[in-house]
Amino acid sequence: YSRTLGYRRGPDGRPEIDPDEAETLRLIYTRYLEGRSLGDIQRELVKKNIPTAAGIQGWSRQVIQNILTSEKYIGDGLRQKTYTTGPIGNKKTVKNNGELPMYYSRDHHPAIIPRDIYYRLKEELAQSGGEGGGMSLLELRQRLDALTVEQAALADKILEVKDDSELNAQLETVTAEKQSVLDQIAACQQDEGQRTAQASRQREMEAWLDRQPMCFTEYDDALTRRFVERITVVDAETIQVKIRNADAGIDGKLC
């Protein structure tokens, strides 16, 4: 719990929500969905002297991105992300890159962030990060099966021929690709949540459009990042604004 913002150990030993830290989490999610950058959010948190989790030294863009992408805040848990290795007395914790199975537990503990908000935010992160299409879910599962077989065969060879640097390098490459495929499968399985998020965002944008005047008097960077896909200058007096994720736009005169 020392490194987890938003939760503390409850009387029964299970996670319970820390109200003050939960407000910080909601602020971070809200700001990002408003169109603020990770740097903007970092500066606001520092300026307001908002504390980090106890085990975190300070706010950074990476810390904020980790918060925005963590499944724990919708009440889910991914178990065995890391494991311990080494002899007794000299054990160390290492990242699980497919050497051991990982287990996804839905509704494991109380949620702080609603699922539809989380899926919307993952969509925003994917768009800003330039992530596109790839293999189908069936192709990914077939590739995972092939990599699992290859990984097992390499592990058997390494047991027979110890200290073979080439075999170890091959195993490391296969293990890394396997983890990448596992991540892609998880992303594909969230399609339903992503569709729900997109529909929610489209409804929000359309409602926002209904409230806007057709005469623009000033530029708002946050609103632009949040809602606008493209602005086209037609002539000296007219601009066209294409709204993101919505079959709608504005064609109006500059004041």
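In this text the structure is predicted, and so the values were computed from the model without any measurement. No hydrogens, no waters, no symmetry mates; every other heavy atom, side chains included, goes into these values.
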What pairs with [X] under side chain to side chain contact (heavy atoms under 4.5 Å, CB included), at least two apart in sequence or on another chain?
X	value
R26	A22, E23, I112, I113
E166	D164, Q170
T69	Q65, L125
D40	R36, S37, R43, R225

Subject >> Geometric class of the Y73/Y29 ring pair [parallel <30°, tilted 30-60°, perpendicular >60°] >> reply: perpendicular
Pairwise distance [atom1]([X]) to [atom2]([Y]) - rounded to 0.5 angstrom:
X	Y	atom1	atom2	answer
I64	L25	CD1	CG	11.5 Å
Q179	L144	CD	CG	10.0 Å
E172	L154	CD	CG	12.0 Å
R120	I117	CZ	CD1	4.5 Å
L45	T52	CG	OG1	10.0 Å
T24	L5	OG1	CG	5.5 Å

Original post:
When you look at R115 and R106, which way does the side-chain contact (heavy atoms from CB on, under 4.5 Å) test go after all the steps?
Top reply: CA-CA 11 Å; R115 285 184 185 276; R106 187 182 173 99; 3.3 Å; yes
Between [X] and [Y], what is the shortest heavy-atom contact and its length?
X	Y	result
I17	A111	CD1-O, 3.6 Å
D107	D76	N-OD1, 2.8 Å
P11	E16	CD-OE1, 3.7 Å
W59	I50	NE1-O, 2.7 Å
Q42	S60	NE2-CA, 3.8 Å
P110	P15	CD-O, 3.7 Å

For [X], what residues pass the side-chain hydrogen bond (donor to acceptor under 3.5 Å, both in side chains) criterion, not counting sequence neighbours?
X	answer
N49	none
K48	E44
N66	Q62

**OP:** Give the C-alpha distance, both sets of side-chain angles, the deciding distance and a yes or no for side-chain contact (heavy atoms from CB on, under 4.5 Å) between H109 and K72.
**Re:** CA-CA 8 Å; H109 52 269; K72 67 170 67 76; 4.1 Å; yes
Subject >> Side-chain (Q151) to main-chain (T175) donor-acceptor, under 3.5 angstrom >> reply: no
Subject >> R31 bridged to E34 by N-O distance under 4.0 Å >> reply: yes
Subject >> Candidate list L121, V63, L33, I41, test side chain to side chain contact (heavy atoms under 4.5 Å, CB included), partner I28, passing option >> reply: I41
Original post:
Is there a chain of hydrophobic side chains (I, L, V, M, F, W, Y, each step under 4.5 Å between heavy atoms) that links L27 to V46?
Top reply: yes
Original post:
Who are the salt bridge (charged side-chain N to carboxylate O under 4.0 Å, His left out) partners of D156, not counting sequence neighbours?
Top reply: none
